[in-house]
Amino acid sequence: MTSRCLAGICFVALDPTAPKFFGFSEFLAALALMVLVWTTTDIRYRFRIATAPLPLYQMTYWVVASVGSLTLLTDLWRAGGWLVPHGRLLTPEAWQAVLGAAFLLAFLTWAWFAHLRPPVFGRRNARRCADFLYAMILNGSPGDMATIGREIIRSVPSLIAAVHTPKHCRGTEENDPADLPEWQGLAHDILLLIADPRFCRSLVASSPGTIQAVFYEMSKTRKHRIPIAQFGRNVVAAAIENRDSFLYHEQDGYASGLLGYMKPLSQAVFGDYSMVEEIGRLLDLDFRSMRRWTETEWNAYAGAVLIVLESYVEQDFWNHSFVLYRALDKIAGAADDIYKLDGLDGASWESDAIRRLRVSVDFCAEALKILDAKGPPDHLRLRVRKEHRPYETTIYDHLASLMLKLIQHAESVRQSSDLAWSVRHNTVWTHLLGGLGEHGRATRIVQFKLRRKIYDEIVTAEEWPNYQNIRLLGFCLHVMGLKVHEGSNFGREYRALHRAVLAWTKRNFVALQRRAPQVFEECLPGDMSYDEEGARLLRIYEVNAFRSAPEYAHFDLDRLAG
């Protein structure tokens, strides 16, 4: 072996025939395999690598470039038999091992973050997480968004923990203090970023577990005042529009099995009333979309509201619920276009408008069951008069108001006698104030409030007769009849209201009809008319399967003096 010494350092020539186990050819073969792996990985692994707490792309580039250059120079040195420092610590074999180990370490680092320990959101990778999510959502690929949606489940706890919680504002997104650390501000931005409607639709369709994780973590940590309102609202809208979503699979235990009984996702989103109330707009969906809903979508929405109501009566019964108040108002408007059926034939009985009305009526029945199971709270005010403050109203009053609105919707079907009776009596009145089954104390209280609201609305006609109060009077005369059935169980639930309405009609009808004849003429149902000369109301019962000839009924009114 050739040896030369200079200033105490000896140099020897490399032996071209010495053993070689990691040279430039082995490097190229390994690099080709690694490039194949890196370039064929799907969006899942690209996300994991891009969001690692280390700059893996830059580190890998420099490791590969350095190892490749050094292996090439080593092979060149070896082939030329050039001189190298002589030493026992770093032999040619050890040098090859160092280069191979560096190359292997780069590969293992990728494998660690891509497979064994995927990264989660934190201080060191917050910027990379935000940038990758922004680019992915901006691109809008449904498949990519579904995959990334599943990936961010691991980061949900750290995201929720990192978001600053404002103390002075309900709801959230207006608070982003400038003095927060950058990674906390980025957590705030990520929660707003995932509220993109396309991303929410992909989560509902392909990654509902992400939705469950977000709401579960919020409920667990009691961090409700974070920028999640848009995300929650868009998730609920997407779940209602997608008939294969959790809202439909978890509706009925009889049809869906265990998930239908447990309702894990629905409970995570709607089962914590305090969280829903703090979010504020979870059930405030776009009215333009709601106008396109059919019976199916309204049924899913009503089911979500019932879950909130169950939590409300357990957690916060006395405080006014803004969320439930607005949700009840939306359910009341589910069938506000039923007036379009007025004058149509019996084929309209199964129209979507009537089915939507039934959804609202069924919602009232289920809500009353929830209240009956809980029982009325102590010191519940039966009558909330005008002089009482608005916050003294309770869910009992709001349900009674909802029922009144449904009655007013049903009232708009007047001209077709069979259809009008089916909608007014069979669909609405029987289920809201009828005597089907035994009622709990809460139901009786709500029905009392409803009867009071009906009568109070009718008597406003004494000062200002209009289409609303007179139509309600016509509705009551139609469904309850012109005669009180004393001494029988029929109509006992509303008998007091029946007596009061007939007595008021007898005293006031003639005088008010002269003040507003046009209003009274248009507001009476099709089978009822006013005999001005005889000062009485007339009603015709048409021929049907139980009546071979028309029957007539009348109700005498008080004439005007003089």
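Counting begins at 1 with the first residue of the sequence.
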* Structure fact -> In this structure, OG1 of Thr296 is separated from CD1 of Ile240 (nearest 0.5 Å) by 12.0 Å

* To do: State, without any angle test, whether Ser274 and Glu277 hold a side-chain donor-acceptor pair at a distance under 3.5 Å.
  => no

* State whether the number of non-hydrogen atoms from other residues, nucleotides or ligands found under 6.0 Å of Tyr216 atom OH is greater than 12. => no

* If we ignore angles and hydrogens, is there a donor and acceptor under 3.5 Å between the side chains of Asp352 and Thr294? -> no

* Could you tell me which residues satisfy salt bridge (Lys or Arg N to Asp or Glu O under 4.0 Å) with Lys340, sequence neighbours excluded, listed by chain and number? => none

* Asked: Of all residues at least two apart in sequence or in a different chain, which pass the side chain to side chain contact (heavy atoms under 4.5 Å, CB included) check with Ser311?
  -> Tyr273, Gln315

* **Any residue meeting salt bridge (Lys or Arg N to Asp or Glu O under 4.0 Å) with Glu241, in chain and number order, not counting sequence neighbours** => none

* With rounding to the nearest 0.5 Å, note down the distance linking CG in Leu186 to CZ in Arg127. => 4.5 Å

* Structure fact -> side chain to side chain contact (heavy atoms under 4.5 Å, CB included) filter on Lys374, not counting sequence neighbours, yields Val313, Glu314, Phe317

* Structure fact -> By salt bridge (Lys or Arg N to Asp or Glu O under 4.0 Å), Arg48 pairs with (sequence neighbours left out) Glu151

* Could you note down all residue pairs passing salt bridge (charged side-chain N to carboxylate O under 4.0 Å, His left out) where residues 197-214 supplies at least one of them, sequence neighbours left out? => Asp196-Arg198

* Structure fact -> The reported gap from CG in Leu108 to CH2 in Trp112 (rounded to nearest 0.5 angstrom) is 10.5 Å

* Would you give the length of the straight line joining atom CG of Leu159 to atom NZ of Lys223, rounded to the nearest 0.5 angstrom? => 10.0 Å

* To do: Apply side-chain hydrogen bond (donor to acceptor under 3.5 Å, both in side chains) to Ser25 and list each qualifying residue two or more places apart in sequence or on a separate chain.
  => none

* Asked: Would you say Arg128's side chain and Ala52's backbone share a donor-acceptor pair under 3.5 angstrom?
  -> yes

* Asked: Sequence neighbours excluded, which residues qualify as ring-ring contact (aromatic ring centres under 6.0 Å, His included) partners of Phe246?
  -> none

* To do: Enumerate the residue pairs fulfilling ring pair (Phe, Tyr, Trp, His ring centres under 6.0 Å) with a member in residues 283-305, sequence neighbours excluded, ordered by first and then second residue.
  => Trp293-Trp298, Trp293-Tyr301, Trp298-Tyr301

* Asked: Tell me the salt bridge (charged side-chain N to carboxylate O under 4.0 Å, His left out) pairs involving residues 254-272, sequence neighbours left out?
  -> Arg222-Asp272

* If you measure from OG1 on Thr427 to CD1 on Ile338, what distance do you get to the nearest 0.5 Å? -> 7.5 Å

For residues 131-150, which side-chain donor-acceptor pairs fall under 3.5 Å, sequence neighbours excluded?
residue : atom : partner : partner atom : Å
Thr147  : OG1  : Gly143  : O            : 3.1
Arg150  : NH1  : Ser206  : O            : 3.1

* Side-chain donor-acceptor pair under 3.5 Å between Asp337 and His409, yes or no? -> no

* **Pairs meeting criterion salt bridge (charged side-chain N to carboxylate O under 4.0 Å, His left out) with involvement of residues 98-123, two or more places apart** => none

